[in-house]
Each structure stands twice: as C-alpha cells, then as structure tokens.
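What follows is a set of notes on a single structure, which appears directly below.
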Amino acid sequence: MTRQRLILATRNAGKITELHAILADAGLDLELVGADAYPDVPDVKETGVTFAENALLKAHALARATGLPAVADDSGLCVDVLNGAPGIFSARWAGTHGDDKANLNLLLAQLSDIDDAHRGAHFACAAALALPDGTERVVEGRMPGTLRHAPTGTNGFGYDPILQPEGHDVTCAELTPAEKNAISHRGKAFRALVPVVKELVG
Ligand code: ITT
C-alpha cells in the first residue's frame, strides 16, 4: 500500500531537516515531501500580519495546488526591547529574504547598547495543517531566551547563534539538532500538530 503523502510547505533546508526529524519521531507513517518536489507551485506571498496567518496561507496554497494535505510553519524571533520585532519580518530583516548573516548582524548592531538585563527574546512558531477541501488547523510554540552580544556555534540556522535558550548556558547553534528540537518553538508547535495530523490525515 502506498503511504499517504504529506507536503511540508517550506523551501528552507534547515527547517525541512528539523520538521522531518520531529514528525518522524512522532511515529507518523506518512511520506513527508518538501515543497521542492513541486517546483511548479509558486511561492505564496506572506501577506499575513501574524505567524498563524502566514502559516495558514502557505499550507492552503500548497494543499490547493497539489491536492494533498500540507503542513507549513511561519516562525521568527521576537525581541522584547524591539516590541516583538523582527517577528514576522525575521527572514528579511536586513532587506534580502533568507540572508541569515545580514539579518543577524543588523539585529546585533541595533542592540549593541542594550545590556544583558534587557536582552530577552523568544523564537515563535505557528504550525498549520491544511487539507485540499479547505479544512485548517493551526497551533503555536515558543522558545524563550536571551540574546548574546556576538554569535557562537555553527549548528542550526538563522538567529540560532545569538539566542541562548532559558535554562541553558549555550546558544541554539551549540545544541545538537535533537537537543534543539526537544525545546524549540518549532518542536513544540509541530508536536502539538501531530495529534491533529493523525486525526485528519491518518
Ligand atoms: P519558508 O517560508 O520557506 O518556510 P523562511 O526561512 O522564509 O522559509 P519564515 O518565513 O518562517 O521561514 O522565516 C523564519 C525566519 O525566522 C528564518 O529565516 C530565521 O531568520 C528566523 N528563524 C525561525 N526559526 C528559527 C530557528 O529555529 N532558528 C533560527 N532562526 C529562526
């Protein structure tokens, strides 16, 4: 019997690796496929103003275009002293979508005068499931921490080298993928989505 396909609506390789691990750990007997398997499906414009809205936009677009159930996440870094920015603009904070290094360096420069007592931040993630018939669900997860003054570590992606998760003395980029998934915003959101996927997809 062929396994039910579930599309992961992302082209971010770092995320695909994380999502595969999280969903496989949950024991889902599904074939997980990245959006790259469907190159003709155009990227959706992230016009939402919340993580949940953008995650749903991405999941619906792929589910509609492929006729298959699709999951998507939208995520970002929310900095207390910046009133939650970069937030939904995290991937393009320095101007170019996905330029992780420029984004991180701009943020560090903006916070250069802010001392440790005021460097609180959290990663946030909304994870959405959409079915071709329009059924939708969305759940959220967070990872609180503080921002370092300089990057440390080489694992992960994005702002990982500067976010030190609460209760840890290393950055996310110094955690192994399994250690990060266990406490991460994306790990929490996707683990919360697993029972929903089991119920609606199988
Ligand atoms: P897709 O839309 O294709 O999924 P993307 O990179 O554009 O990929 P988002 O719109 O969700 O993804 O933007 C998330 C950005 O937030 C990402 O580029 C990073 O800069 C940051 N980010 C999110 N989760 C992160 C994590 O676990 N570690 C480090 N940075 C993260």
Side-chain angles (χ1 to χ4, degrees), residues 7-22 32-39 41-62 70-79 82 84-108 110 121-128 130 138 140-148 151-165 168 170-191:
I7 316 291
L8 303 176
T10 180
R11 299 188 198 283
N12 178 322
K15 277 193 194 176
I16 292 178
T17 309
E18 285 193 9
L19 297 188
H20 259 118
I22 292 163
L32 302 173
V33 184
D36 282 348
Y38 295 87
V41 178
D43 276 338
V44 64
K45 267 213 169 74
E46 296 184 21
T47 53
V49 296
T50 63
F51 295 117
E53 282 175 13
N54 282 334
L56 284 166
L57 280 173
K58 291 190 253 188
H60 277 301
L62 208 60
V71 295
D73 89 316
D74 197 49
S75 53
L77 179 68
C78 304
V79 179
L82 295 177
I88 58 167
F89 304 106
S90 294
R92 53 194 140 121
W93 192 234
T96 307
H97 191 111
D99 190 341
D100 285 358
K101 204 167 167 209
N103 290 335
L104 181 154
N105 285 333
L106 175 59
L107 187 68
L108 281 182
Q110 289 165 328
H122 65 268
F123 279 130
C125 175
V138 64
E140 304 202 19
R142 283 185 177 198
M143 172 164 50
T146 50
L147 293 172
R148 292 276 187 90
T152 315
T154 53
N155 293 336
F157 66 100
Y159 301 92
D160 277 338
I162 55 169
L163 194 279
Q164 179 175 316
H168 293 254
V170 294
T171 68
C172 289
E174 295 174 283
L175 296 174
T176 64
E179 287 169 338
K180 181 182 167 192
N181 288 343
I183 59 168
S184 80
H185 50 315
R186 194 167 298 101
K188 288 174 186 165
F190 275 88
R191 280 190 293 276

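When a ligand or atom number is given, it counts from 1 through the structure's own listing order. Residue numbers run from 1 in the order of the sequence given. Just so it is clear, the model here is predicted, and its values are computed rather than measured.
No side-chain donor-acceptor contact under 3.5 Å links D73 to the backbone of A126. Between the N103 side chain and the A94 main chain, a donor and an acceptor come within less than 3.5 Å of each other. Checked by atom type and distance alone, the side chain of R191 never pairs as donor or acceptor with a backbone atom of R186 at under 3.5 Å. The backbone N or O of L175 sits nowhere less than 3.5 Å from a side-chain atom of E179 that would complete a donor-acceptor pair. Between the side chain of N181 and the backbone N or O of G187 there is no donor-acceptor pair closer than 3.5 Å. Between the D100 side chain and the G158 main chain, a donor and an acceptor come within less than 3.5 Å of each other. In this structure, the side chain of Q164 engages the main chain of H168 through a donor-acceptor pair within 3.5 Å. The main-chain N or O of L77 is found under 3.5 Å from a side-chain atom of S90 such that the two form a donor-acceptor pair.
In terms of protein heavy atoms, atom 24 (N) of ligand 1 is closest to R186 NH2, 2.7 Å. Protein heavy atom in closest approach to atom 10 (O) of ligand 1: D74 OD1, 3.1 Å. For atom 6 (O) of ligand 1, the nearest non-hydrogen atom of the protein is N12 ND2, 2.9 Å. In this structure, the protein non-hydrogen atom closest to atom 2 (O) of ligand 1 is K58 NZ, 2.8 Å. Counting protein heavy atoms only, atom 28 (N) of ligand 1 is closest to D160 OD1, 2.7 Å. Summary of contacts: the protein heavy atom closest to atom 14 (C) of ligand 1 is S75 O, 3.0 Å. Residue, atom and distance of the protein heavy atom nearest to atom 30 (N) of ligand 1 are Y159 N, 3.1 Å. Among all protein heavy atoms, the one lying closest to atom 31 (C) of ligand 1 is F123 CE2, 3.6 Å.
Remark: distances from the non-hydrogen atoms of N103 to ligand 1 are all 4.0 Å or more. A heavy-atom separation below 4.0 Å is not found between R92 and ligand 1. Residue-ligand proximity: M143 is placed with every non-hydrogen atom at 4.0 Å or more from ligand 1. Heavy atoms of G76 approach ligand 1 to within less than 4.0 angstrom.
The atoms of ligand 1 that sit less than 4.0 Å from any heavy atom of H97 are 5 (P), 7 (O). Listed by number with element, the atoms of ligand 1 under 4.0 Å from a non-hydrogen atom of K180 are 26 (C), 27 (O), 28 (N).
The closest heavy-atom contact to atom 16 (O) of ligand 1, among the options S90, A35, S184, C125, comes from S90. Here atom 19 (C) of ligand 1 lies nearest to G158 when heavy atoms of A173, G156, G158, A72 are compared.
The pair K58-D43 does not count as a salt bridge, with every side-chain nitrogen at least 4.0 angstrom from each carboxylate oxygen.
Heavy atoms from both the backbone and the side chain of F157 come within less than 4.0 Å of ligand 1.
With contacts defined as side-chain heavy-atom distances shorter than 4.5 Å, the pair I162/L104 qualifies.
Note on ring orientation: taking the six-membered ring where Trp is involved, the planes of H185 and F123 are parallel (angle under 30°, cut-offs 30° and 60°).
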